[in-house]
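Residue numbers begin at 1 in each chain, while the letters A, B, ... track the order of the sequences.
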There are 2 protein chains.
Amino acid sequence: MYASELIKGTLKTIVLKLLTDNERMYGYEITQKVKESTSGKIQLTEGALYPTLHAMEKQGILSTEVENVGNRIRKYYKVTPTGKKLADDKVNEFSAFMETMMILLDIQPKLS
Amino acid sequence: MYASELIKGTLKTIVLKLLTDNERMYGYEITQKVKESTSGKIQLTEGALYPTLHAMEKQGILSTEVENVGNRIRKYYKVTPTGKKLADDKVNEFSAFMETMMILLDIQPKLS
DNA sequence: AAATATACATAAGAAAATTAGGTATATAAA
DNA sequence: TTTATATACCTAATTTTCTTATGTATATTT
């Protein structure tokens with residue numbers, strides 16, 4: 001796990017990226033997907049995720065579809081067209097930010 | 001300029017890196033150096049920097065030397081031995097974090 | 001039967017930054 | 001020469017964002 005301060009500010013970017021790649025996902029699914037694809041190094045907390053999802057819906061970045069799975073409720077999120085543009089911008093911005101930080105901290109990326 | 005939320009959490013790492021490379025620097029100098037070497041893309045605000053410097057001194061990460069330059073005061077900061085270890089850790093952690101984010105966001109670093 | 005996993009949610013508090021203000025000297029421009 | 005900009009420090013109120021804690025409820029595994 002990384003120091004939480006590092007992860008700060010990247011939540012929206014991560015959510016938008018996952019939702020552009022996956023058509024629709026529900027909150028809990030997002031937490032599990034991030035945990036899995038980062039080998040547990042990034043773990044989104046529900047206390048941070050849910051309020052952010054609600055805010056993004058309110059802002060028209062995401063839309064929702066509620067479904068009943070058995071007796072449980074499941075709330076799927078999708079990116080709106082507005083959200084798609086924002087997703088691109090956010091990912092590109094993070095990419096550029098990384099380039100800048102690599103220069104500033106004098107670090108090289110691992111080649112894969 | 002990057003969205004401020006992106007830069008959040010990186011302030012201490014940036015300060016520690018600069019101070020390990022430069023022996024000693026004063027607050028204003030740090031803001032200018034960062035601005036210059038990122039072509040203005042990262043601009044530290046004094047309201048964020050000074051309280052952080054004070055906190056780091058209190059924690060034994062940095063030590064200070066006050067000097068008079070003309071009629072003005074200048075407060076130089078240096079990393080303590082404790083700070084040197086932390087600087088390494090912080091930079092390595094950010095580096096690892098970037099690797100993780102590159103996988104998660106599916107972005108490649110520019111080769112230089 | 002109890003513990004863990006799934007799945008949502010909110011609310012109090014902490015942490016970290018922004019914004020805005022304050023003091024003061026030095027230098028460049030109008 | 002006065003005004004604006006640059007240098008150089010600082011703090012305080014507010015905002016933003018996250019953590020921690022808690023709550024509800026069903027499903028599944030031990």
The salt bridge (Lys or Arg N to Asp or Glu O under 4.0 Å) partner of A:Glu67 among A:Arg24, A:Arg72, A:Lys75 is A:Arg24
For the backbone of [Y] and the side chain of [X], can you confirm whether one donor and one acceptor N or O come within less than 3.5 Å of each other?
X	Y	answer
A:Ser95	A:Val91	no
A:Ser39	A:Lys35	no
A:Glu93	A:Lys90	no
A:Glu29	A:Tyr26	yes
B:Thr80	B:Gly60	yes

Once you round it to whole Å, what is the distance between C1' of C:dA17 and CE of B:Met1? 12 Å
Here the residues of residues 17-25 of chain B within 4.0 Å heavy-atom distance, strictly under, of DNA chain D are none
Below 3.5 Å, can you tabulate the donor-acceptor pairs from side chains in residues 10-23 of chain A to any protein atom, sequence neighbours excluded?
{"residue": "A:Thr10", "atom": "OG1", "partner": "A:Ile7", "partner atom": "O", "Å": "2.4"}
{"residue": "A:Lys17", "atom": "NZ", "partner": "A:Asp21", "partner atom": "OD2", "Å": "3.3"}
{"residue": "A:Thr20", "atom": "OG1", "partner": "A:Leu16", "partner atom": "O", "Å": "3.1"}
{"residue": "A:Thr20", "atom": "OG1", "partner": "A:Lys17", "partner atom": "O", "Å": "2.7"}
{"residue": "A:Asn22", "atom": "ND2", "partner": "A:Leu18", "partner atom": "O", "Å": "2.9"}

Which is it for B:Thr38 and A:Ile103 under the side-chain contact (heavy atoms from CB on, under 4.5 Å) test, yes or no, and what are the steps along the way? CA-CA 8 Å; B:Thr38 66; A:Ile103 295 166; over 6 Å; no
Could you tell me the boundaries of the chain A footprint on DNA chain D, defined by atoms under 4.0 Å from its heavy atoms? D:dC18 to D:dA27
Quick one: list whatever passes ring pair (Phe, Tyr, Trp, His ring centres under 6.0 Å) with B:Tyr50, sequence neighbours left out. none
I'd like to check the ring pair (Phe, Tyr, Trp, His ring centres under 6.0 Å) partners of A:Tyr28; sequence neighbours left out, ordered by chain and number. none
Comparing A:Asn71 and A:Thr10 on DNA chain D - which has the more 5′ nearest nucleotide: A:Thr10
The contact string for nucleotides 3-16 of chain C, one letter per nucleotide 5' to 3', using protein heavy atoms under 4.0 Å with B, S and - for base, sugar-phosphate only and none, comes out as --SBSBBB-----S
